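These notes concern the structure reproduced below.
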Amino acid sequence: MPEDHDWEAYKVPPTRTPVSERTTSVPNPVNYFQTAFNYVFDAPVAFVREWIERLQNKNKFYYYHQKFRRVPDLSECLEGDYLCYYEAEAQWRRDRMVDQEIVEIVRERMAACKQREGPNQFQNCAKEMELLAQVTKAYQDRYGDLGFHGNARTCLMKQKHRMMEERKAAQEKQ
């Protein structure tokens, strides 16, 4: 076919669906209902919402996460100070959750590096592997073998026993 078409030679057939031009003297009741709904329900709600948003924009409050003050460690609490025990326990639990998240983030980075690098993962992901080994060893040293019901007191006793074993090993070397 030629590039420039001769539209007179190749006329487009007319469409088979007729174009309806509705012109009636009776108005559509749906339009009245929509207008009434808009003025009765939608407009007042939109006005109140915009008014509240304007008030909130004046006093912006940025809330990222709750910051807790550091409390004394369980070893620093006085004997019989149960409030200090409770706060130290809560602090220990928050620290444990933070450490778990750190391990999880490093593990996800390691998995992403392995996925990205494919067969070259051992060469290109060496830093991530080393970081994961360090983080998991530190987590295991602090929280390992405590179980699900571990608490600040058992963790402190575990650290104390580990320090005593390290001192013994240092003395035996000398």
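Index from 1, following the sequence. The model shown is predicted, which means the values in this text are computed figures rather than measured ones.
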Do Val48 and Val45 belong together in a cluster built from hydrophobic side chains that touch within less than 4.5 Å? no
Any non-hydrogen side-chain atom of Lys160 less than 4.5 Å from a side-chain atom of Met157? yes
Output the distance between atom CG (Leu83) and atom CG (Leu78), rounded to the nearest 0.5 Å. 11.5 Å
Under 4.0 Å between a Lys/Arg side-chain N and an Asp/Glu carboxylate O for Glu172 and Arg167? no
Hey, could you give me the CE/CG distance between Met129 and Leu131, rounded to the nearest 0.5 Å? 12.5 Å
Cut-off 3.5 Å, no hydrogens considered: what does the side-chain donor-acceptor table look like for residues 111-127, sequence neighbours left out?
{"residue": "Glu117", "atom": "OE1", "partner": "Asn124", "partner atom": "ND2", "Å": "2.7"}

From Glu87 CD over to Asp81 CG, what is the distance, rounded to the nearest 0.5 angstrom? 8.0 Å
Does Val135 belong to the same Ile/Leu/Val/Met/Phe/Trp/Tyr cluster as Leu146, with side-chain heavy atoms less than 4.5 Å apart forming each link? yes
All pairs passing disulfide bond (SG atoms under 2.5 Å apart) where residues 61-100 contributes a residue, at least two apart: Cys77-Cys84
Just verifying a value: how many Å separate Gln134 CD and Leu132 CG, rounded to the nearest 0.5 Å? 10.0 Å
Taking atom CG of Asn28 and atom CZ of Phe33, what is their separation to the nearest 0.5 Å? 10.0 Å
If only side-chain N and O atoms count, and only distance matters, is there a donor-acceptor pair under 3.5 Å linking Asn151 with Thr154? yes
Decide salt bridge (Lys or Arg N to Asp or Glu O under 4.0 Å) for Glu53 and Arg49; before the verdict, give the C-alpha distance in whole Å, the side-chain angles of both, and the deciding distance to 0.1 Å. CA-CA 6 Å; Glu53 286 177 353; Arg49 179 173 177 83; 3.3 Å; yes
Main-chain N/O of Lys168 paired to Lys173 side chain as donor or acceptor, under 3.5 Å: no
Taking every non-hydrogen atom, the tightest pair across Glu89 and Arg153: OE1-N, 4.4 Å
Hydrophobic clustering (ILVMFWY, side-chain heavy atoms < 4.5 Å, transitive) - are Leu74 and Val71 grouped together? no
Can you give me every donor-acceptor pair (side chain of residues 92-104, partner residue at least two apart or in another chain, under 3.5 Å) with its distance?
{"residue": "Arg94", "atom": "NH2", "partner": "Gln91", "partner atom": "OE1", "Å": "3.1"}
{"residue": "Asp95", "atom": "OD1", "partner": "Arg70", "partner atom": "NH1", "Å": "2.9"}
{"residue": "Asp95", "atom": "OD1", "partner": "Gln91", "partner atom": "NE2", "Å": "3.2"}
{"residue": "Asp95", "atom": "OD2", "partner": "Arg70", "partner atom": "NH2", "Å": "3.2"}
{"residue": "Arg96", "atom": "NH2", "partner": "Gly147", "partner atom": "O", "Å": "3.4"}
{"residue": "Asp99", "atom": "OD2", "partner": "Tyr143", "partner atom": "OH", "Å": "2.8"}
{"residue": "Gln100", "atom": "NE2", "partner": "Tyr139", "partner atom": "OH", "Å": "3.1"}
{"residue": "Glu104", "atom": "OE1", "partner": "Arg107", "partner atom": "NH1", "Å": "3.3"}

